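In this text, all values refer to a predicted model and were calculated from it rather than measured experimentally. When a residue number appears, it is its place in the shown sequence, counting from 1.
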Amino acid sequence: MSISNDFYPNASLPLERKESGVPYVRPGLHVESYNDFDPLRHVIVGIADNQHIPEACPASNEKIPANSPMRGSKAGRRTQESIDRANECLNGFAQILENRGIIVDRPGAVDWHNSINTPDFSISSGFGCMPPRDCLLTMGKSMLMAPMSFRSRYFEYLAYTDLLREYFESDQQCMIEQAPRPRLSDDSFRMDYVAAYEYLSDEETMARSLNKEYSTRETDILFDAADVMRLGKDIFVQHGLTTNLAGIHWIKRKYEPMGYRIHTLSFADNHPIHIDATFCPLRPGLMLLNPHRPLFAGQREIFEKNDWQIVEAVKPSWDNPPALCYSSTWLSMNTLIIDHKTVCVEASEKAQMEQFDKLGFNVIPVDLRDAYAFGGGLHCATADVWREGKCEDYFPNQFSGSHNVSHWEY
């Protein structure tokens, strides 16, 4: 599915290969990351090139607000004007990072206009690769391609395979991995889940969420990388609409033998999708929490017993998300930490910048709001390749059941 760059001027060029077909080695390239706040040295920044609004599928429907004009008739390629503007934002963000000495890579070119057809489903187009954080999970010296639950994102990993192949060849300790591929058949979802929008109140949809009645069932192993929060030896995974319990159990079986401790988190949230606009680590000992999506008391215990401060995020500057956006206004929280004292914040989020200033951060404003509709905020638009630092134990005070998945199932 790789194509020419005519529609993808911001994509990484096809890798130059030796006669053997093996990519050239990039001397000094290093893959390693254990959290979201150690000094950032190498990152992937997404692109908006040729992105589509895919037709609805059982997983993506839940992410589209009930009154959104994206429901029904809006499937198709996004306008060139919106694509160009989003890329202007993303390219500016990439330049800010490069000016700080951070290596920036971009995804490769894949034709999202192609339909996706498997033995289990068909959908008219792909999605895009503005938010690499959804697809790629860097755990130590491994980069894992997540299975993902949207049918339109089934082949999204192809945008990164050339880069990952180059990382593998350049860093002799790097491991590239792929989680089990899901089928995403109708059996993978509660097919009537979204129809409930027509008659359920907010209170009823919240009750449904608290009962773990999500659009995804347990048929497939499903998780998005953006539902995983890395804090050294401890990995926290949100159970919700894009990550099921089978996905969490798979993460547990894979990473606990390596010495990691796996915890699940759940929030009082009608639409729990991706943890990075709900509960965000800022530096060792400090978390930012969405006040509209509170963390359950029992799940605060591990943070409180290890002297972590949990601060509620300030109100976003906007009352509504941009047009044709999947995400909420709480992308104000979706920031990129450069190091323990430096943070990138969307430039229009004045109150959020002021809060970070009071918390002792140097704030870098980044114009990104016009790219929100393509997949999220500053954290979504990036994926770590290398952060300096080692795998620290930020939660030495564990307790009985603290890293047992069933302990957290309220």
Side-chain angles (χ1 to χ4, degrees), residues 1-12 14 44-64 68 70-80 82-84 86-87 90 105-137 145-164 178-179 181-186 188-189 215-216 220 222-226 241-242 273-274 324-327 371-376 380-381 383:
M1 292 177 71
S2 293
I3 62 170
S4 75
N5 280 15
D6 293 346
F7 287 115
Y8 301 81
N10 302 280
S12 291
I44 300 171
V45 173
I47 61 174
D49 296 8
N50 210 25
Q51 190 179 104
H52 281 60
I53 298 174
E55 66 179 271
C57 83
S60 65
N61 243 348
E62 178 60 19
K63 197 171 183 179
I64 304 172
S68 171
M70 292 177 73
R71 286 200 174 277
S73 62
K74 286 291 182 178
R77 189 176 186 271
R78 290 184 182 266
T79 66
Q80 190 60 48
S82 68
I83 290 171
D84 290 344
N87 273 325
L90 292 161
D105 287 330
R106 314 303 293 274
V110 175
D111 191 355
W112 307 118
H113 185 69
N114 285 346
S115 62
I116 297 172
N117 299 283
T118 80
D120 296 295
F121 71 87
S122 297
I123 194 165
S124 60
S125 76
F127 175 69
C129 55
M130 179 276 193
R133 187 74 62 172
D134 297 358
C135 185
L136 299 177
L137 178 63
M145 291 170 277
M148 311 183 73
S149 59
F150 287 20
R151 287 172 170 172
S152 60
R153 307 186 75 175
Y154 194 76
F155 290 120
E156 195 164 321
Y157 70 92
L158 293 176
Y160 308 102
T161 51
D162 279 353
L163 280 177
L164 298 182
Q178 170 77 67
R181 302 292 294 147
R183 298 191 67 163
L184 302 185
S185 69
D186 288 358
S188 303
F189 306 101
S215 54
T216 48
D220 284 324
L222 295 175
F223 63 90
D224 283 8
L241 293 163
T242 46
I273 296 175
H274 299 169
L324 302 181
C325 181
Y326 291 91
S327 305
Y372 277 5
F374 288 73
C380 302

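Using a 4.5 Å heavy-atom cutoff, the side chains of Ile44 and Leu163 are in contact. Residues Ile47 and Met130 have side chains not in contact (no heavy-atom distance under 4.5 Å, counting atoms from C-beta outward). Two residues are said to be in side-chain contact when any heavy atoms from C-beta on lie closer than 4.5 Å; Arg151 and Ile116 fail this criterion. Proximity of Thr216 to Phe189: side-chain heavy atoms (C-beta onward) are separated by under 4.5 Å at one or more points. Contact annotation: the side chain of Asp162 never approaches that of Ser12 to less than 4.5 Å [non-hydrogen atoms, C-beta and beyond]. Annotation: side chain of Phe121 is not in contact with side chain of Ser185 (no heavy-atom distance under 4.5 Å). Within the 4.5 Å cutoff, the side chain of Cys129 has no heavy atoms near those of the Val110 side chain.
Across all their heavy atoms, Leu136 and Leu164 have their closest contact at CD2-CD1, 4.1 Å. Smallest separation of non-hydrogen atoms from Phe155 and Trp112: O-CZ3, 4.3 Å. Counting all heavy atoms, side chain and backbone alike, Gly126 lies closest to Pro54 at O-CB, 3.8 Å. When every heavy atom of Leu90 is checked against every heavy atom of Ala48, the shortest pair comes out as CD1-N, 3.7 Å. Residue Thr242 comes nearest to His274 through the heavy atom pair OG1-CD2, 3.6 Å, listed as atom of the first residue, atom of the second, then distance. Taking both residues in full, the closest heavy atoms of Pro147 and Pro182 are given as CB-CD, 3.7 Å, listed atom of the first, atom of the second, then distance.
Asp120 and Thr118 form no side-chain donor-acceptor contact under 3.5 Å, judged by distance and modelled atom types alone.
Side chain of Tyr157 to main chain of Cys135: no donor-acceptor pair is present (N/O by atom type, distance under 3.5 Å, no hydrogens or angles). Panel note: side chain Asn117, backbone Ser122; no donor-acceptor pair is recorded below 3.5 Å. The backbone N or O of Ser188 lies less than 3.5 Å from no partner atom in the side chain of Asp220, so there is not a single donor-acceptor pair. One N or O on the side chain of Arg78 and one on the backbone of Ala373 form a donor-acceptor pair closer than 3.5 Å. Between the side chain of Tyr154 and the backbone N or O of Leu184 there is no donor-acceptor pair closer than 3.5 Å. Asp111 places a side-chain N or O within 3.5 Å of a backbone atom of His113 that can act as its donor or acceptor partner. Listed for the Gln51 side chain is no donor-acceptor partner under 3.5 Å among the backbone atoms of Gly128.
For the atom pair OG (Ser124) and NE2 (His52), the distance works out to 8.0 Å, reported to the nearest 0.5 Å. Between Leu222 atom CG and Leu241 atom CG the span is 11.5 Å, to the nearest 0.5 Å. Here Cys380 contributes atom SG and Arg133 contributes atom CZ; the two are 8.5 Å apart, rounded to the nearest 0.5 Å.
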Discussion item. Set out, in order, the CA-CA distance, both residues' side-chain angles and the distance that settles side chain to side chain contact (heavy atoms under 4.5 Å, CB included) for Phe127 and Glu156, then state yes or no.
Written reply: CA-CA 8 Å; Phe127 175 69; Glu156 195 164 321; 3.8 Å; yes
Practice prompt. Kindly indicate, with the supporting measurements, whether the criterion side chain to side chain contact (heavy atoms under 4.5 Å, CB included) is fulfilled by Phe223 and Ser149.
Written response: CA-CA 7 Å; Phe223 63 90; Ser149 59; over 6 Å; no
Practice prompt. Would you sort out whether Ile123 and Phe150 count as a side chain to side chain contact (heavy atoms under 4.5 Å, CB included), showing the intermediate values?
Written response: CA-CA 10 Å; Ile123 194 165; Phe150 287 20; over 6 Å; no
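Within a 6.0 Å sphere centred on CZ of Arg183, other residues, nucleotides and ligands contribute 12 heavy atoms or fewer.
Salt-bridge annotation for Arg153 and Asp134: present, with a side-chain N of the basic residue lying under 4.0 Å from a carboxylate O of the acidic one.
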